[in-house]
Amino acid sequence: MPELPEVETVARGLQLTVAGRRIMSVTLGKTDFIDDPDALERHLPGTLIEKVERFGKFMLMRLSKHQNEQENRDASGGSLLVHLGMTGHLSAHAATEPFPKHTHVRFLLDDGRELRYTDARRFGRMAYLVADRLPDELGRFGADPLEITEHEFAALLKSRNSRIKALLLDQSALRGIGNIYADESLWGARIHPMRIAAKLSAKEARTLRAALQKVLREAIALRGSSISDFLDADGQPGEYQRRHRAYGREGKNCYRCKTPIRRTIVAGRSSYFCPKCQPGPRSVKRPGKRKKHVTPKGKRTS
DNA sequence: CTCGATCCCTGGACGC
DNA sequence: TGCGTCCAGGGATCGA
């Protein structure tokens, strides 16, 4: 499941292998995950791949058009956004090499290779954007978790009454975090996924930001996590899955306190946490009181 | 504002 | 071996 570290890994790989190449032609298979398939066929042929970078969980390919300016002039300065969804792969191969099943997009490059997008489940997304539309599109996303300042992070948490796990997964709040790195960073910061973001202490906010950045940086250094079938632009798996402390470890002992890791559903996602290291919101052990059955329904306005 | 439910999609795990 | 069933999950959408 490509999240920030995996997408960063792929983007760096593509920057090395396809930046500077020109797209000669476009061949499409199934297109239900592409915003406007015709736009790809119209605008991409002839464009130069200037740069490949990551934006949240998106791959951002910046394109330009040096020759053939007479046609497709609105393609200059355009960008191709690619989201890998759950099972997306983007990598270059010799055009003569047979392409695997579920290969839905092929860009023939000017050096005889083909940049291919393969995605069995088609949870990914692809969109060609003219320069004018890019700011609006990117503006819908929140801060990059590796760039956000301590102050901004604290303010963001204070502004949300949602569970911290839901906030971490909300791409309009922070861009690039998915289920794995949300759980890993919460484990690192010893914060229960159901805690309310606005109720975290200033210290907890600092700890969480630090844990998040540490986890993401280490994951990038290890080229991401390969859980099911993530492969980088060179077809190589990542190594960070070996460092997981919470994600996917239900029933296994916590690395800190040996308590079995538990799994619950938060924000509609499996959430793994240590019930001892990451105490729940209102389960703060009170020796005297037994089940008080308090159901804080919150004030009903209107 | 925040939540859960539902849908999209396919492959892999599991039970019989 | 081969079914059927369930599940995974990012994101959009809708109703509560």
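Everything numeric here is computed off the predicted structure, so don't read it as measured data. Throughout, protein chains are lettered first and strands after them, A, B, ... in sequence-line order, and every chain is numbered starting at 1.
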>> Rounded to whole Å, how long is the line connecting atom NE2 of A:H89 with atom C1' of B:dC9?
In response: 14 Å

>> What is the distance, to the nearest angstrom, from the OH atom on A:Y117 to the P atom on B:dC9?
In response: 14 Å

>> What contact category does A:R269 fall into here, base, sugar-phosphate, or nothing, at under 4.0 angstrom with non-hydrogen atoms?
In response: base

>> Based on the rotation axes of five pairs at each end, what angle does the helix from B:dT2-C:dA16 to B:dC16-C:dG2 bend through, to 10°?
In response: 40°

> What is the distance, rounded to the nearest whole Å, between atom CG of A:D170 and atom P of B:dC1?
Replying inline: 12 Å

> Taking the six-membered ring for Trp, are A:H104 and A:H102 parallel (under 30°), tilted (30 to 60°) or perpendicular (over 60°)?
Replying inline: tilted

> Can you check the A:D32 CG to B:dC8 P distance for me, whole Å?
Replying inline: 11 Å

> Considering only B:dT2, B:dT10, B:dG4, which nucleotide approaches the side chain of A:R121 most closely?
Replying inline: B:dT10

>> Could you walk me through whether A:F107 and A:I49 satisfy the side-chain contact (heavy atoms from CB on, under 4.5 Å) test, starting with their C-alpha distance in whole Å, then the side-chain angles of each, then the deciding distance to 0.1 Å, before giving a yes or no?
In response: CA-CA 11 Å; A:F107 299 129; A:I49 301 172; over 6 Å; no

>> Under 4.0 Å from OP1 or OP2 of B:dC9: is there any side-chain N or O of A:H102 that close?
In response: no

> Do any N or O atoms from the side chain of A:E218 and from the backbone of A:L216 form a donor-acceptor pair under 3.5 angstrom?
Replying inline: no

>> If I take atom CZ in residue A:R122 and atom C1' in nucleotide B:dC9, what distance separates them, rounded to the nearest angstrom?
In response: 6 Å

> In terms of ring plane angle, is the pair A:H43 and A:Y128 parallel, tilted or perpendicular, where the classes change at 30° and 60°?
Replying inline: parallel

>> Do the side chains of A:E50 and A:R62 get close enough for a salt bridge, i.e. N-O under 4.0 angstrom?
In response: no

>> Does B:dG11 have its OP1 or OP2 closer than 4.0 Å to a side-chain nitrogen or oxygen of A:K101?
In response: yes

> Which part of the nucleic acid, if any, lies within contact of A:F141, taking any heavy atom under 4.0 Å across all strands shown: a base, the sugar-phosphate backbone alone, or nothing?
Replying inline: nothing

>> For A:H192 together with A:F273, are the ring centres under 6.0 Å from each other?
In response: yes

>> With a 6.0 Å cut-off (strictly less than), is the heavy-atom count around CZ of A:R217, excluding the residue itself, greater than 12?
In response: yes

> Of the non-hydrogen atoms in A:T118 and A:P100, which two are nearest, and what is the gap between them?
Replying inline: OG1-CG, 4.2 Å

> First and last nucleotide of DNA chain C in contact with chain A, 5' to 3', at under 4.0 Å to a heavy atom: what are they?
Replying inline: C:dA8 to C:dA12

>> Check this one for me: any side-chain N or O of A:R163 less than 4.0 Å away from OP1 or OP2 of B:dG4?
In response: yes

> How many angstroms lie between CZ in A:R262 and CD in A:E250, if you round to the nearest 0.5 Å?
Replying inline: 10.0 Å

>> In this structure, how many angstroms lie between the P atom of B:dT10 and the CZ atom of A:F33, rounded?
In response: 12 Å

>> Could you check whether A:R245 makes a cation-pi contact with A:Y255, meaning its NZ or CZ is under 6.0 Å from the centre of the six-membered ring and within 45° of the ring axis?
In response: yes

>> Without decimals, in angstroms, what is the distance between A:K199 NZ and B:dC1 P?
In response: 18 Å

>> With a 4.0 Å cutoff (strictly under), does any side-chain N or O of A:K165 reach OP1 or OP2 of B:dT2?
In response: no

>> Base, sugar-phosphate or nothing for A:R175? Non-hydrogen atoms, less than 4.0 Å.
In response: nothing

>> Under 4.0 Å, heavy atoms only, any strand: does A:R160 hit a base, just the sugar-phosphate, or nothing?
In response: sugar-phosphate

